[in-house]
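Below is one structure, written out as structure tokens, with a few remarks after it.
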Amino acid sequence: IAIRHVPFLQDLTGHKDGGGQPILDQLILDGSGDLLFRQGDALHPGQFLPAATINKAIPARDATLFQTADGAWAVAAVDARDNDISIYTWNAAMNRFDRGVAFIAGDLPVRIAAADLTSTGLLDDLVVANDFGDSVTIALAGHFDAPITRGVGTAPSDIAFANLGGADGPDIVVSDQASGDFTVLYNDPTHAFSQQSRYRAGAGLFDIDESTGQQTVLSQLLANGVVA
């Protein structure tokens, strides 16, 4: 599974400009697995300070941004050398990111994504696709110490979210590269994701393009017979 190089733009440090507006920072995962952080330049809007690596000696396979309980943004990364999911939070006093291990995923985690699965109004839940484990690990906000694992198809390769099964929050959609299908894990009032469906989509399925939001995901699922 290839490393994705899409840059993230978000207020990671809590800094404000002269008008009280958040200053956007940039985070990029490069080809060597380094998480390159560029702090927004308060004196030059739209520009950034020189890059600094926040995960030295701990390369990442994938990363995403998520929100902590107070709404602040943080970084979650799939460690490339083990099955750990690292969390990097901004330490304003030290002007740096501090690392902690949030939880251990399944065998060979390759993708991570954040969503509001529990209707808190925050992107505070994490889902990890485990390529060799043929599973996803779901870590709900406040319960990172007790993630749940759900089996999917063979060699899951990407994750998306869409409301397909009801009013209990987004469902989890997983592309299964080796088995050539989608797995839909349905949300429920307890957020256990114990019910699922699987739909054939074609060999070599890799990414789910959700760049334009839920409607793109829904159109792809419609084209592959996942939803009517």
Side-chain angles (χ1 to χ4, degrees), residues 1-15 22-68 72-92 94-115 123-124 126-133 136-137 139 144 155-161 174-175 177 204-213 216:
I1 304 294
I3 289 177
R4 293 187 282 198
H5 306 283
V6 177
F8 298 100
L9 290 173
Q10 190 54 260
D11 171 24
L12 293 171
T13 61
H15 292 158
I23 298 174
L24 295 182
D25 308 303
Q26 184 184 74
L27 184 78
I28 297 176
L29 176 60
D30 73 7
S32 63
D34 287 341
L35 288 165
L36 304 178
F37 169 68
R38 300 180 67 195
Q39 188 169 330
D41 189 339
L43 299 178
H44 302 91
Q47 298 185 33
F48 304 94
L49 301 179
T53 302
I54 69 172
N55 62 330
K56 293 180 179 179
I58 310 175
R61 290 194 191 98
D62 197 24
T64 193
L65 303 185
F66 76 105
Q67 290 175 282
T68 59
W73 290 95
V75 182
V78 175
D79 292 354
R81 295 176 180 170
D82 52 38
N83 297 329
D84 290 347
I85 304 302
S86 290
I87 298 297
Y88 299 89
T89 53
W90 181 250
N91 183 330
M94 301 299 294
N95 201 45
R96 71 184 187 197
F97 281 93
D98 290 337
R99 174 184 178 263
V101 176
F103 56 92
I104 299 174
D107 196 7
L108 190 64
V110 292
R111 287 288 185 255
I112 187 168
L123 295 179
D124 53 0
L126 296 172
V127 180
V128 180
N130 307 307
D131 188 72
F132 282 2
V136 294
T137 301
F144 282 4
S157 55
D158 204 10
I159 305 163
F161 305 97
V174 183
S175 59
Q177 186 175 14
L205 186 66
F206 182 56
D207 280 338
I208 304 173
D209 180 8
E210 52 181 330
S211 59
T212 57
T216 300

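When atom types are taken as modelled, the side chain of D131 and the backbone of Q177 share no donor-acceptor pair closer than 3.5 angstrom. Put simply, the side chain of D25 gets close to the backbone of G40: a donor and an acceptor are under 3.5 Å apart. In terms of modelled atom types and a separation under 3.5 Å, the side chain of R61 and the main chain of V78 share no donor-acceptor contact.
The pair D79-R99 meets the salt-bridge criterion, since a charged nitrogen lies less than 4.0 angstrom from a carboxylate oxygen.
Closest approach of G106 and N130 over heavy atoms only: N-OD1, 3.0 Å. When all heavy atoms of N83 and P109 are compared, the closest pair comes out as OD1-CD, 3.1 Å. Taking every heavy atom of both residues into account, F66 and A114 meet most closely at CB-CB, 3.8 Å. Residues R111 and S157 share a closest heavy-atom pair of CG-O, 3.1 Å. Nearest approach of L36 to A51, heavy atoms of both residues: CB-CB, 4.3 Å. Counting all heavy atoms, side chain and backbone alike, T137 lies closest to A105 at OG1-CA, 3.7 Å.
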Inset, instruction - Any chance you could lay out the side chain to side chain contact (heavy atoms under 4.5 Å, CB included) test for L12 and W73, step after step, and finish with the verdict? - result: CA-CA 5 Å; L12 293 171; W73 290 95; 3.7 Å; yes

Legend entry - Full working for side chain to side chain contact (heavy atoms under 4.5 Å, CB included) between I85 and I112: CA-CA 9 Å; I85 304 302; I112 187 168; 3.7 Å; yes

Legend entry - side chain to side chain contact (heavy atoms under 4.5 Å, CB included) evaluation trace for D84 with F103: CA-CA 6 Å; D84 290 347; F103 56 92; over 6 Å; no

Inset, instruction - Give the C-alpha distance, both sets of side-chain angles, the deciding distance and a yes or no for side chain to side chain contact (heavy atoms under 4.5 Å, CB included) between N95 and Q39. - result: CA-CA 10 Å; N95 201 45; Q39 188 169 330; 4.1 Å; yes

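Residues F144 and L126 meet the side-chain proximity criterion, which asks for heavy atoms closer than 4.5 Å. For the pair W90 and F37, the minimum side-chain heavy-atom distance is below 4.5 Å. Counting heavy atoms from C-beta on, the side chains of L27 and R38 never come closer than 4.5 Å. Counting heavy atoms from C-beta on, the side chains of N55 and Y88 come closer than 4.5 Å. Side chains of V75 and L65 form a contact here, defined as non-hydrogen atoms less than 4.5 Å apart.
Side-chain polar atoms of S175 and D158 form no donor-acceptor pair below 3.5 angstrom. Side-chain contact of S32 with D30: a donor-acceptor pair under 3.5 Å is present, judged by distance alone. Counted by atom type alone, D98 and T89 present zero donor-acceptor pairs between their side chains at under 3.5 Å.
With rounding to the nearest 0.5 angstrom, the CZ atom of F8 is 4.5 Å from the OG1 atom of T64. Distance check, rounded to the nearest 0.5 Å: NZ of K56 to CG of D34 gives 9.5 Å. Between the CG atom in L24 and the NE2 atom in H15 there is a gap of 13.0 Å [rounded to 0.5 Å]. Note that the CG atom of D11 and the CD1 atom of I23 stand 8.0 Å from one another [nearest 0.5 Å]. Summarising the geometry, atom CG belonging to D107 is positioned 7.0 Å from atom CZ belonging to F132; distances are rounded to the nearest 0.5 Å.
For CG of L9, the number of neighbouring non-hydrogen atoms (other residues, nucleotides, ligands) closer than 6.0 Å is greater than 12.
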